Structure formats: structure tokens, C-alpha cells
There are 2 protein chains.
Amino acid sequence: MPPPTRLLQPFKVPIKLLMGPGPSNMREGVRAALNAPLLGHLHTEFTDIMDDVKSGLQYLFQTNNSLTFAVSGTGHAGMECALMNLLERDETLLVVQNGIWGLRVADLAKRLDLQVKVLNAEVGKAASLEEFSQAIDDFKPKVAFVCHGESSTGVMHPLDGFGDVCHKNGTLLLVDTVASIGGAPFHADKLGVDCVYAATQKVLNAPPGLSPISFSEMALNKIKQRKTRVPSFYFDALELGNYWGCFDEPRRYHHTGIISLVYALREALVGIAQEGLNECVARHQQNAKILYSALDEVGLKPFVEDPALRLPCLTTIAVPPNIQPKEVIDHLMAQKIEVSGGLGPTFGKVWRIGTFGINSDRDKILEVILALDEAIKSASGLADKKTAARI
Amino acid sequence: MPPPTRLLQPFKVPIKLLMGPGPSNMREGVRAALNAPLLGHLHTEFTDIMDDVKSGLQYLFQTNNSLTFAVSGTGHAGMECALMNLLERDETLLVVQNGIWGLRVADLAKRLDLQVKVLNAEVGKAASLEEFSQAIDDFKPKVAFVCHGESSTGVMHPLDGFGDVCHKNGTLLLVDTVASIGGAPFHADKLGVDCVYAATQKVLNAPPGLSPISFSEMALNKIKQRKTRVPSFYFDALELGNYWGCFDEPRRYHHTGIISLVYALREALVGIAQEGLNECVARHQQNAKILYSALDEVGLKPFVEDPALRLPCLTTIAVPPNIQPKEVIDHLMAQKIEVSGGLGPTFGKVWRIGTFGINSDRDKILEVILALDEAIKSASGLADKKTAARI
């Protein structure tokens with residue numbers, strides 16, 4: 001069997017402005033870190049880097065949780081790690097469902113033979129504390145899931161009081177911050193979050209491939225008291241916690257850590273630490289306002305009506321009537337600018353603009369909105385022509 | 001909560017010669033590929049790169065299997081993907097156990113509530129075709145697992161005839177080639193292998209983080225006929241196969257591929273294609289002979305006695321009497337040379353030298369063996385002194 005000829009053709013990667021829902025563009029320091037030579041996954045120099053990452057993640061999540069590390073996989077891997085460890089077969093999970101991520105978690109939970117209860121929130125809106133409290137009362141779940149930054153709808157789900165409601169009922173609060181962490185206010189310990197996971201390719205401006213995660217003491221206790229084993233070795237939080245030096249015990253070989261991406265994540269966390277987390281979040285909020293103003297100037301509207309529910313680092317824009325959103329996206333992509341369409345419940349209804357990390361930048365935002373406006377006008381003209389042709 | 005001060009200290013990574021069981025050093029082209037700007041995980045330029053990787057992996061595994069791709073995780077992720085897809089709860093898995101990987105697979109299988117049957121082979125040896133055939137007859141497993149390159153013992157497990165025995169009994173043959181692929185002869189289709197997985201950080205000289213995998217038509221049919229869903233979304237082979245363009249259908253968003261590592265894997269596969277797979281394997285075999293000669297010259301012996309069972313890209317060396325293997329390893333590590341100790345059944349009994357890809361090189365091998373010899377003499381002197389002090 002001969003080598004494939006196409007593989008021998010040159011490798012070319014164009015430079016694009018990635019302002020969709022992620023991945024975002026890499027920070028320069030992150031690119032440099034990727035280039036560092038490999039170390040062994042248990043060499044002291046590498047476990048020191050893992051320690052730095054761990055403390056950086058505690059800062060990012062604003063938590064003192066000892067069991068804080070990065071899963072060797074993308075954000076989805078963090079989701080699986082959370083569910084597989086926190087729950088055992090036939091236990092009940094409450095899913096607050098207001099977009100694609102609630103659906104995804106519910107699907108995964110069913111694969112794991114969990115009992116799934118759903119609290120539906122309207123698309124573009126959030127569940128109220130009262131509704132959440134009622135659902136906790138009704139279902140007495142072991143774990144409740146909320147997606148903090150719903151990247152399919154652009155909603156930043158409020159979490160104030162959710163932890164208290166959970167803990168009064170012996171429920172653990174699990175939160176997805178893949179699209180929000182670093183770009184929206186989030187304080188795991190203050191909010192009483194028992195497990196939070198994220199991803200590296202959004203506000204952190206690192207490549208995808210690691211999923212930061214953190215478990216509270218209460219979550220850790222539940223894991224330690226499992227009657228059945230975690231149905232995965234790769235995602236076993238106690239084994240991973242040992243490898244990441246989270247417990248007072250020598251590290252054992254578990255798996256070969258994704259070394260280059262751990263370097264990149266460290267450098268991404270340096271970026272957050274140097275700017276300051278609060279300052280970073282405030283910048284995303286300020287630039288989101290610039291984005292809203294720019295939208296207003298070109299006659300477009302955010303899809304999420306309540307400004308308090310808008311995710312500062314990912315904005316959904318209502319597609320005007322008679323416009324094919326994909327034509328606009330293709331027009332922008334031809335200029336090497338990525339803006340994305342809707343997903344799941346927002347499919348065909350919105351465009352999504354990510355302003356993650358270094359892409360939360362006034363100039364880039366204005367460039368994208370101008371290009372979007374032009375693309376809409378072009379698509380609109382095209383639509384008119386097509387209609388004309390049909391008449 | 002303030003940013004951690006340690007994170008703000010400079011990031012330094014020493015250059016080491018990585019001649020343990022992996023990761024190996026990166027190929028220069030692979031490092032350059034890591035540095036390429038990010039693309040979106042569904043952009044045409046990226047899915048074209050995925051197609052190149054797919055055809056490169058078919059060449060690497062020597063298979064025409066359409067369902068061939070890379071799992072977004074390390075070699076362990078490939079193992080989990082294989083087991084979770086190929087088997088359903090209470091089905092029987094036969095594990096040929098001759099080192100750590102059989103143990104690991106058996107552990108994972110128990111977590112998944114599979115029925116596990118074990119065929120034990122002596123450490124440093126392999127199961128015979130007769131023993132394997134008998135075990136298949138006895139247990140009638142749905143899947144039989146064999147580790148082709150046992151990195152804990154240095155054994156290359158023969159597979160001739162194993163596929164036929166399996167298929168006569170309706171059993172699928174699952175093979176781990178993490179430590180062997182590209183460095184030892186392997187032809188998935190000729191051998192009748194139904195599922196094979198590997199890793200990127202050994203012969204391929206890419207960073208860890210992706211696990212190449214391939215499923216035969218028979219394996220795919222079994223997956224399609226499952227009565228229960230795969231207990232993972234992240235590892236669902238049909239979903240992954242769609243994302244990797246393995247079926248005649250449009251790609252759907254499944255997860256955010258590990259873009260930078262896919263670039264790196266493509267470049268690693270270019271290296272294999274340019275050299276030629278057979279030539280690459282032959283080079284590993286020739287250099288292994290140089291390694292055996294060098295060992296002989298300094299009075300050391302391979303742990304695997306039968307030359308036909310030795311893995312050409314990973315050699316285990318018997319630790320001489322009265323030597324503490326770890327002292328020797330530390331001595332080498334101080335010179336930035338990695339040689340590893342035993343693992344599992346070989347713990348304390350062997351050193352392991354990996355000669356993977358670019359590290360399968362006469363000069364590097366001679367450098368390592370000379371340094372090893374010197375370190376043993378030094379440790380031996382130390383041992384004598386310690387004994388003297390006790391007398």
C-alpha cells in the first residue's frame with residue numbers, strides 16, 4: 001500500500017480573524033510556548049509547570065478547591081469528566097436547558113443511564129431563581145447543571161443564589177463556563193459552585209485540547225463515596241487529581257499529559273494574571289458595549305433582549321428578515337473573517353460574534369461589524385435579484 | 001483573590017534527549033506545524049487537513065478502513081474509544097495480558113461492566129496462537145484484546161493467525177499499537193485486525209494528545225447494531241466518524257477538534273510517507289540490532305530473551321544484580337538524557353530505552369548506551385561504598 005500522494009503536498013494555513021464562537025486566535029506568547037521542546041509527562045520541570053497551571057486555574061475560577069486541573073481533552077471532555085464522576089447510574093440530574101449545552105448534557109446523561117429532569121428556559125432567556133428552586137424541590141436531584149455562558153444563544157445565565165438552593169437540598173451545582181470564563185464575572189467559591197469546567201480556546205486564546213475543571217470539597221466527598229466505579233479510566237477525577245498533584249501523595253503515572261498544550265495553557269493563564277481577572281472581565285464588558293453601539297449604528301439588534309442576560313464575550317445578533325444568514329457568513333469568510341451562524345435552537349436565527357480575549361478589541365469589533373453590514377447589504381441585493389428573477 | 005505570583009515567573013523548558021518509553025523528541029517539521037495559526041474546526045482548510053491525516057493514518061495502519069481517524073485525547077483515549085464502542089454491558093472481552101496494558105484494559109472493561117476473561121502470558125513472553133485459539137474457544141468473547149507493542153516489557157506480540165482465529169468464532173480483534181506503530185511491522189488488513197489504536201508521541205515524533213484509531217467493516221457493523229448507546233458522547237465512533245468525514249454524509253459539529261495537534265500529526269505522517277513505512281520499520285529494526293550489540297559490548301542484556309519477540313523501537317534491559325535502577329536513571333537525567341525504569345510487572349527489573357522515529361539513530365543510541373554504562377559503573381561504585389559503610 002503506497003503513501004498517499006495528497007499528503008506530500010505542501011501544508012498551508014491561511015491567517016483568519018476568528019470571531020466566531022471559538023476557537024479564537026492565539027495569543028503570541030501562547031504560540032511561542034507551543035514551540036517549546038517536549039518534556040516527559042512526569043519530569044519535575046513539567047510537574048512544576050502543571051503546578052503553575054493549577055494555581056492559575058484556581059485564580060481563573062476564583063476557587064480554593066484543591067481538586068483543580070485540566071482534563072486532557074476539549075471542553076466536551078470536561079463535561080464528560082464532570083458527569084461521570086459526580087453521578088452514578090440511576091441518580092438524578094437536573095438540567096437547566098436554555099440552549100444546545102443543556103441538550104448535550106441531557107444526551108450524555110442518558111448514555112450514562114442517569115435519570116434526567118429538565119427545567120426549560122425560553123431561548124434567549126434564563127431560568128429564574130424561583131423556577132430553579134421549585135425544580136430542585138420537585139426532583140431532589142443529586143446534581144444540577146447550568147450553562148453559565150450559553151454559546152448557542154448568547155445568554156449569560158445568572159447564578160446568584162443557585163448554590164444556596166442546591167446545598168439546602170443536598171444537591172451539587174455543576175456549571176459549564178466554556179464560553180464565559182475570563183470574559184464574564186464568575187466566582188466559583190462565592191457562588192457555591194461544586195464543579196465547574198471550561199475550555200482553552202475561547203477567552204484564554206490557547207488552542208483547543210484541554211478542559212480546565214475544578215471540584216469542591218463536597219463534590220470530592222461525593223466522588224469518594226461512590227458505590228460504583230467511574231465508567232472511565234481516562235476521566236477518573238481521583239486518578240487525574242493524583243497526576244495533577246492535587247492530593248498529599250506522590251504522583252503516579254496515569255496517562256501521558258498533553259504536554260505542549262499544558263505549556264500553552266500556562267502561558268494563557270499568565271496573560272490573565274498579568275492583566276488581572278477583574279480587569280479582563282471589565283474589558284470584555286466594555287467592548288461588548290462598543291459592539292452593541294456598532295450594531296445599533298448599522299441597524300442590527302442583539303438577539304438577547306435583556307442586557308443583563310447578555311454574555312459579554314459572545315454576542316448573538318438577530319438576523320433581519322429576508323436575509324439568508326449563511327450567505328453573509330460565506331461573504332465574510334471569503335475575506336478571512338469568521339462570524340458564525342446559530343446552533344441548535346438559534347439555527348438560522350442569529351449570527352454569533354465571539355470577542356474572546358485578544359479579540360475583545362475595539363478595532364477588531366468595528367472591522368467585523370463594518371464587514372458584516374457590507375455583507376448583509378450584498379446578500380440583501382442578491383436576495384432582491386433572486387426574487388426579481390423569480391417574478 | 002490575587003493572581004498567583006509563581007505563575008508570573010519566566011517559563012523555561014530545558015532540552016532533553018527523550019529516550020524513554022515516550023514522549024519522544026519532536027521532529028522539526030512537527031514543531032513548525034504546531035506554530036501555524038488556528039483555523040476553525042469546521043473550516044474547509046481544516047477539514048482538508050483532516051482528510052490528509054485520515055489517508056496518512058490508513059497508510060500508517062495499512063488499512064482501507066473508511067472509519068479511520070484520530071481521537072481527541074492521548075493513547076488512553078483511543079483505548080476507551082475502542083472498548084466503549086465495540087462492546088456493550090455484560091458482553092465478554094478476552095484480554096491477552098502480558099504487561100501493564102492488558103491490566104489497564106481489564107480495569108477499564110470492569111468499569112464498563114464488561115465480562116473480562118484473561119489469558120496470561122509470562123512477563124517478557126507472548127501468548128502462542130494455540131493458547132489464544134483455546135481461549136477464544138473457551139470464552140467465545142465478542143472482542144479479543146492484544147497489545148502489539150508492550151511498552152512495559154518490551155515485547156512485540158506476534159499476531160499472525162490471530163485474526164483468522166477470531167473471525168472463525170465471530171470475535172473482533174482489537175490491537176493496541178501505541179508503542180509499536182511505524183517502528184514494528186504491522187498491517188491491519190492483512191492481519192485481520194478489526195480495531196487498532198495508537199498514539200502520536202512515540203514513532204511519530206509528534207506531541208501527545210491524539211490517538212489514531214481505525215475500525216474494520218465488521219467492527220462498524222457491530223457498532224451499528226448496538227442495543228444500547230455508547231456510554232460517552234466524546235468517544236462515540238459514529239459521531240467522530242462523521243466529523244472526520246468517514247461516511248458519505250455532511251460533517252456535523254461534534255466537538256472542537258484539537259487543531260494544532262492535527263497540524264502536527266499531519267506533518268508527522270508526512271515524515272512517515274516521505275521515508276516510506278517499510279523503510280521506517282526497517283530502520284528501527286536495524287538500529288535495534290546496533291542497540292543490542294552496544295549492550296553486549298558493555299555487558300548488558302535485553303530483558304526479552306527471544307529476539308523474535310523484541311519490540312524494535314523500545315528495548316527493555318535487564319538490571320544487573322546489586323544495582324538500584326533509579327540511581328542510574330537519576331544520573332542520566334542529570335545529564336538531560338531520559339531512560340526509564342520498568343512499569344508494572346517489570347518495575348525494578350529493567351531499564352527501558354525508546355528508539356522512536358528520529359531517535360532511532362545510531363549516534364543517539366551509542367550516546368545513550370555509553371552514558372548508561374557510565375551511570376551503572378558510578379552507581380555500582382556507590383553501591384560498593386554503601387556496603388562498605390555498613391560493614
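Note on naming: letters A, B, ... go to the chains in the order of the sequence lines (proteins, then strands), and numbering restarts at 1 for each one. Side chains included, hydrogens not; waters and symmetry mates left out as well; all remaining heavy atoms used. Please read all numbers here as calculations on a predicted model, not as lab measurements.
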Residue selection (most heavy-atom pairs with chain A, distance under 4.5 Å) from B:Glu80, B:His41, B:His255, B:His254: B:Glu80
N/O donor-acceptor pair under 3.5 Å between A:Asn85 side chain and A:Ala237 backbone: yes
Contacting region of B:Pro10 [heavy-atom separation from chain A under 4.5 Å]: backbone
Chain B contact via A:Val30 - side chain, backbone, both or neither, heavy atoms under 4.5 Å: neither
Side chain, backbone, both or neither of B:Pro14 within contact of chain A (heavy atoms, under 4.5 Å): both
Which portion of A:Leu18 sits near chain B, non-hydrogen atoms under 4.5 angstrom: side chain
Contact leader toward chain B among A:Thr200, A:Val71, A:Leu8, where contacts are heavy-atom pairs under 4.5 Å: A:Leu8
Interface moiety of A:Ala206 toward chain B, non-hydrogen atoms closer than 4.5 Å: backbone
Side chain, backbone, both or neither of B:Thr228 within contact of chain A (heavy atoms, under 4.5 Å): neither
Shortest non-hydrogen contact from B:Ser232 toward B:Phe235: OG-N, 3.0 Å
Top of A:Met84, A:Lys12, A:Lys16 for chain B proximity - count of heavy-atom pairs under 4.5 angstrom: A:Lys16
pair B:Ser260-B:Leu38: side-chain heavy atoms closer than 4.5 Å: yes
Short N-O contact, B:Asp236 and B:Arg229, less than 4.0 angstrom: no
Most contacts with chain A, counted as non-hydrogen pairs under 4.5 angstrom, among B:Leu261, B:Asp107, B:Leu108: B:Asp107
Exercise: do A:Ser214 and A:Gln58 side chains pair donor with acceptor under 3.5 Å: no
Residue part contacting chain A, namely of B:Met79, when any heavy atom lies under 4.5 Å: neither
Ion pair B:Glu267/B:Arg31, N-O distance below 4.0 Å: no
Donor-acceptor pair, side chain of B:Arg27 and main chain of B:Asn205, under 3.5 angstrom: no
Residue selection (most heavy-atom pairs with chain B, distance under 4.5 Å) from A:Ala264, A:Ala77, A:Gly257: A:Ala77
Which atoms of A:Glu45 approach chain B - backbone, side chain, both or neither, heavy atom under 4.5 Å: side chain
Whether B:Tyr253 and A:His76 hold their rings parallel, tilted or perpendicular, with breakpoints at 30° and 60°: tilted
Most chain A-contacting option - heavy-atom pairs closer than 4.5 Å, from B:Gly276, B:Gly209, B:Ala273, B:Pro4: B:Pro4
Choice from B:Ile259, B:Leu39, B:Ile15 maximising heavy atom contacts with chain A below 4.5 Å: B:Leu39
B:Tyr263 side-chain N/O to B:Asn35 backbone N/O, donor-acceptor pair under 3.5 Å: no
Side chain / backbone / both / neither for A:Leu277 at chain B, heavy atoms under 4.5 Å: neither
Salt-bridge present (A:Asp113, B:Arg89; N to O < 4.0 Å): yes
Option that, when pairs with chain A are counted at under 4.5 Å, heavy atom only, ranks first among B:Met26, B:Gln274, B:Gln62: B:Gln62
Side-chain donor or acceptor of B:Arg266 paired with backbone N/O of B:Ile49 under 3.5 Å: no
Heavy-atom contact with chain B under 4.5 Å, split by part of A:Ser340: neither
Contact leader toward chain A among B:Asn278, B:Asp189, B:Val270, B:Ile272, where contacts are heavy-atom pairs under 4.5 Å: B:Val270
